[in-house]
Amino acid sequence: MTEHDETGASTSREKELEAFRERQLRELREFEERQKQELEQFERHELEELKEFEERQHPYEIKIDRTEFKVTEHFLTGAQLRALPNPPIGPDRDLFEVVPGGSDEKIADTQKVKMRDGLRFFTAPAQINPGLV
């Protein structure tokens, strides 16, 4: 191979490398722009949901042990939910949120629960003593 061939091959490789770098930079800019647009769309959607959530005036209809309650708060703690029935749910019972198609979730007194229409809860004995066989 002559010196001229080596210089031409080297220049060709440099041009290919530069073209590759430019293509990568262009693709990176396009990717970043798509990500920015998706984030802006997500933020707009979140703001709309938050506005709707904050403007909600009518109460949420929830059930605890098949008794219906209407609450206006957007979030209630487990302790607040326990205080809704009369008499309130005592410490001898656990409070669970019904999770359709999943495992029901035990609600701690300090846990905040986001209210929504149709939310259902049930109570069960906190201590279960198995009988003798």
Side-chain angles (χ1 to χ4, degrees):
M1 201 189 251
T2 67
E3 188 177 313
H4 182 264
D5 290 341
E6 288 177 11
T7 304
S10 175
T11 303
S12 176
R13 275 182 265 153
E14 288 173 5
K15 287 180 181 178
E16 287 177 19
L17 184 57
E18 184 60 32
F20 177 74
R21 286 183 186 140
E22 288 175 12
R23 193 168 54 250
Q24 279 189 318
L25 284 173
R26 186 181 65 249
E27 289 174 359
L28 179 60
R29 282 192 293 271
E30 290 170 357
F31 173 78
E32 288 173 339
E33 183 61 30
R34 281 193 311 271
Q35 291 294 96
K36 180 182 172 190
Q37 290 172 354
E38 288 176 13
L39 180 59
E40 288 171 352
Q41 182 180 0
F42 174 79
E43 288 174 342
R44 278 193 303 274
H45 179 72
E46 286 293 303
L47 284 173
E48 289 169 7
E49 278 191 352
L50 180 61
K51 182 179 177 183
E52 178 185 322
F53 183 73
E54 289 174 342
E55 290 176 350
R56 183 181 172 103
Q57 296 298 314
H58 69 87
Y60 298 100
E61 295 180 6
I62 66 170
K63 288 186 178 181
I64 300 176
D65 286 337
R66 298 187 180 147
T67 301
E68 190 171 293
F69 298 91
K70 294 185 181 199
V71 297
T72 56
E73 294 84 357
H74 298 301
F75 289 89
L76 287 175
T77 64
Q80 291 170 314
L81 288 165
R82 289 173 161 280
L84 289 174
N86 190 9
I89 301 166
D92 60 323
R93 298 189 69 78
D94 287 331
L95 179 66
F96 291 86
E97 178 183 343
V98 175
V99 179
S103 297
D104 298 330
E105 182 181 355
K106 183 178 176 183
I107 306 298
D109 285 349
T110 58
Q111 182 176 345
K112 285 188 173 186
V113 180
K114 180 180 176 183
M115 294 295 103
R116 64 182 186 279
D117 282 326
L119 199 56
R120 294 181 299 142
F121 300 90
F122 68 92
T123 62
Q127 195 74 27
I128 299 176
N129 296 321
L132 297 174
V133 178

Contact check, side chains of Met115 and Val113, non-hydrogen atoms, under 4.5 Å
yes
Which of these, Leu81, Leu119, Asp104, sits in a side-chain contact (heavy atoms from CB on, under 4.5 Å) with Glu97?
Leu119
Starting at CZ of Arg34, measure out to CD of Glu32 and round the result to the nearest 0.5 Å.
10.5 Å
Give the minimum heavy-atom separation between Ala126 and Pro91, together with the two atoms involved.
CB-O, 3.9 Å
Nearest-0.5 Å distance, CD of residue Gln37 to CG of residue Leu39
11.0 Å
Can you tell me how far the CD1 atom of Ile64 sits from the CG atom of Leu95, to the nearest 0.5 Å?
6.0 Å
Within the side chain of Glu27, is there an N or O that forms a donor-acceptor pair under 3.5 Å with the backbone of Gln24?
no
Taking Tyr60 as the fixed residue, which of Lys114, His74, Arg116 is the one that meets the side chain to side chain donor-acceptor pair (under 3.5 Å) rule?
His74
Euclidean distance, Phe121 CZ relative to Leu84 CG, rounded to 0.5 Å
9.0 Å
Quick check on Glu43: does its CD atom have over 12 non-hydrogen neighbours (other residues, nucleotides or ligands) under 6.0 Å away?
yes
Would you call the rings of Phe96 and Phe122 parallel, tilted or perpendicular if under 30° counts as parallel and over 60° as perpendicular?
parallel
Close side-chain approach of Gln41 and Arg44, heavy atoms under 4.5 Å:
yes
For Pro88 and Ala83, work out which heavy atoms get closest and say how close.
CB-CA, 4.1 Å
Side chain to side chain, Phe31 and Gln35, heavy atoms closer than 4.5 Å:
yes
Are Val98 and Val71 linked, directly or through intermediate hydrophobic residues, by side-chain heavy-atom contacts shorter than 4.5 Å (ILVMFWY only)?
no
Find the distance between CD1 (Ile89) and CG (Asp109) and round it off to the nearest 0.5 Å.
10.0 Å
Any chance you could lay out the side-chain hydrogen bond (donor to acceptor under 3.5 Å, both in side chains) test for Gln111 and Glu105, step after step, and finish with the verdict?
CA-CA 11 Å; Gln111 182 176 345; Glu105 182 181 355; 2.8 Å; yes
Take atom CZ of Arg93 as the centre, draw a 6.0 Å sphere, and report whether it contains more than 12 heavy atoms from other residues, nucleotides or ligands.
yes
Residue pair Thr72 / Pro59: nearest heavy atoms and the distance that separates them:
CG2-CB, 4.0 Å
Evaluate whether atom CD of Glu49 has more than 12 neighbouring non-hydrogen atoms of other residues, nucleotides or ligands under 6.0 angstrom away.
yes
For the side chain of Arg82 and the backbone of Gly90, is there at least one donor-acceptor N/O pair under 3.5 Å apart?
yes
Spacing of CG belonging to Leu17 relative to CD belonging to Glu22, to within rounding of 0.5 Å:
10.5 Å
